[in-house]
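Beneath this line is the structure, given in structure tokens, with notes to follow.
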Amino acid sequence: MSAEQNIATVKDIYEAFGRGDVEAILEQCTDDVDWAVDSAVEIAPWHGVKRGKAEVPRFFAGIAQAGPVTEFTPLGFAGDDDEVMVFLRYAFTANETGTHVSMHLHHYWRFRDGKVAYFRGSEDTALIASALGREV
């Protein structure tokens, strides 16, 4: 697939995330997708590697459990025939503490046969821990 097609797929995934349409996201993934946020310590309910389509919904359930997303704005896309990198602005309000946080995220997508085979996100885990009232 071309870089433009892969970027369009990621944009479709982000639109589906905005609608809460996890099924549409899963349709864009390989059956054996490897999905995670890189974190040395699993402090948020969405952390931890999710392997395969059956586990990926736990990632989105964890985000919903933490609190409402108040901003999800992709700021830039770069890609090639197999990979897409995205720089985003993200904010949410933690249900447990009422703390509102915003940060930049970095997303890395790897494709196989036109579908997402590998996803890694990075975030400010110290800020997430603080918002959720957890120790790092």
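Sequence positions, counted from 1, serve as the residue numbers for this chain. What you see is a predicted model; the values in this text were computed from it and never measured. No hydrogens, no waters, no symmetry mates; every other heavy atom, side chains included, goes into these values.
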Determine all donor-acceptor pairs shorter than 3.5 Å in which one atom belongs to a side chain in residues 120-129; sequence neighbours excluded.
| residue | atom | partner | partner atom | Å |
| --- | --- | --- | --- | --- |
| Arg120 | NE | Tyr118 | OH | 3.4 |
| Arg120 | NH1 | Asp34 | O | 3.4 |
| Arg120 | NH1 | Asp34 | OD1 | 2.9 |
| Arg120 | NH2 | Asp34 | OD1 | 2.8 |
| Ser122 | OG | His106 | ND1 | 3.3 |
| Glu123 | OE1 | Trp46 | NE1 | 3.3 |
| Glu123 | OE2 | Trp46 | NE1 | 3.2 |
| Glu123 | OE2 | His47 | NE2 | 2.5 |
| Asp124 | OD1 | Ala126 | N | 3.3 |
| Asp124 | OD1 | Leu127 | N | 3.0 |

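Distance check, rounded to the nearest 0.5 Å: CD1 of Ile13 to CG of Leu26 gives 9.5 Å. The distance from atom CD1 of Ile25 to atom CZ of Arg19, rounded to the nearest 0.5 Å, is 8.0 Å. Put simply, CD on Glu15 and CG on Asp12 are 5.5 Å apart, with the number rounded to the nearest 0.5 Å. The CG atom of Asp82 sits 10.0 Å away from atom CG of Asp113, with the distance rounded to the nearest 0.5 Å.
With contacts defined as side-chain heavy-atom distances shorter than 4.5 Å, the pair Val84/Tyr108 does not qualify. Contact of the Val33 side chain with the Val56 side chain is registered, since non-hydrogen atoms from C-beta on lie closer than 4.5 Å. Contact of the Gln28 side chain with the Lys115 side chain is not registered, since no non-hydrogen atoms from C-beta on lie closer than 4.5 Å. Taking 4.5 Å as the limit, some side-chain heavy atom of Val69 sits within range of a side-chain heavy atom of Ile63. For the pair Asn95 and Pro68, the minimum side-chain heavy-atom distance is below 4.5 Å. Annotation: side chain of Ser102 is in contact with side chain of Arg89 (closest heavy-atom distance under 4.5 Å). Looking at heavy atoms from C-beta onward, Phe111 lies in side-chain contact with Val10 at the 4.5 angstrom threshold.
Residues forming a side chain to side chain donor-acceptor pair (under 3.5 Å) with Glu27 (at least two apart in sequence, or on another chain): none. In this structure Glu55 satisfies the side chain to side chain donor-acceptor pair (under 3.5 Å) test with no other residue, sequence neighbours excluded.
By the rule that hydrophobic residues join a cluster once side-chain heavy atoms approach within less than 4.5 Å of another member, Met85 and Phe119 end up as members of separate clusters. Both Phe72 and Val101 belong to a common hydrophobic cluster when Ile, Leu, Val, Met, Phe, Trp and Tyr are linked at side-chain heavy-atom distances under 4.5 angstrom.
The nearest pair of heavy atoms linking Ile7 to Ala78 is CD1-C, 4.3 Å. The minimum heavy-atom distance between Glu42 and Gly48, with the atom names listed, is OE2-CA, 3.4 Å. Nearest heavy-atom pair, Pro45 versus Leu132, reported as atom, atom and distance to 0.1 Å: CD-CD1, 4.1 Å. The two atoms that bring Thr30 and Ala117 nearest to each other are OG1-CA, 3.5 Å, heavy atoms only. Across all their heavy atoms, Ala131 and Ala94 have their closest contact at O-CB, 3.2 Å.
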Check your understanding: Do Thr99 and Thr93 pass the side chain to side chain contact (heavy atoms under 4.5 Å, CB included) test, and can you show the C-alpha distance, the side-chain angles, and the key distance before you say yes or no?
Key -> CA-CA 5 Å; Thr99 302; Thr93 302; over 6 Å; no
Check your understanding: Checking ring-ring contact (aromatic ring centres under 6.0 Å, His included) for the pair His100/Phe92: CA distance, chi angles, key distance, verdict?
Key -> CA-CA 6 Å; His100 180 77; Phe92 79 103; 7.9 Å; no
Exercise for review: Output, in order, the C-alpha distance, side-chain angles, deciding distance and verdict of side chain to side chain contact (heavy atoms under 4.5 Å, CB included) for Leu105 and Phe87.
Suggested key: CA-CA 6 Å; Leu105 304 178; Phe87 185 62; over 6 Å; no
Exercise for review: Using the salt bridge (Lys or Arg N to Asp or Glu O under 4.0 Å) rule, take Arg112 and Asp32 through it: C-alpha gap first, then chi angles, then the decisive distance, then the call.
Suggested key: CA-CA 11 Å; Arg112 184 175 69 234; Asp32 63 344; 2.5 Å; yes
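Residues Tyr90 and His107 have side chains that never bring a donor and an acceptor to within less than 3.5 angstrom of each other.
Checked by atom type and distance alone, the side chain of Gln5 pairs as donor or acceptor with a backbone atom of Ser2 at under 3.5 Å. Looking at Arg134, its side chain does come within 3.5 Å of a backbone N or O of Ile43 through a donor-acceptor pair.
Classification of the Phe77-Tyr14 ring pair by plane angle, with boundaries at 30° and 60°, yields tilted.
Using a cut-off of 4.0 Å between Lys/Arg side-chain N and Asp/Glu carboxylate O, Asp31 and Arg51 are scored as not salt-bridged.
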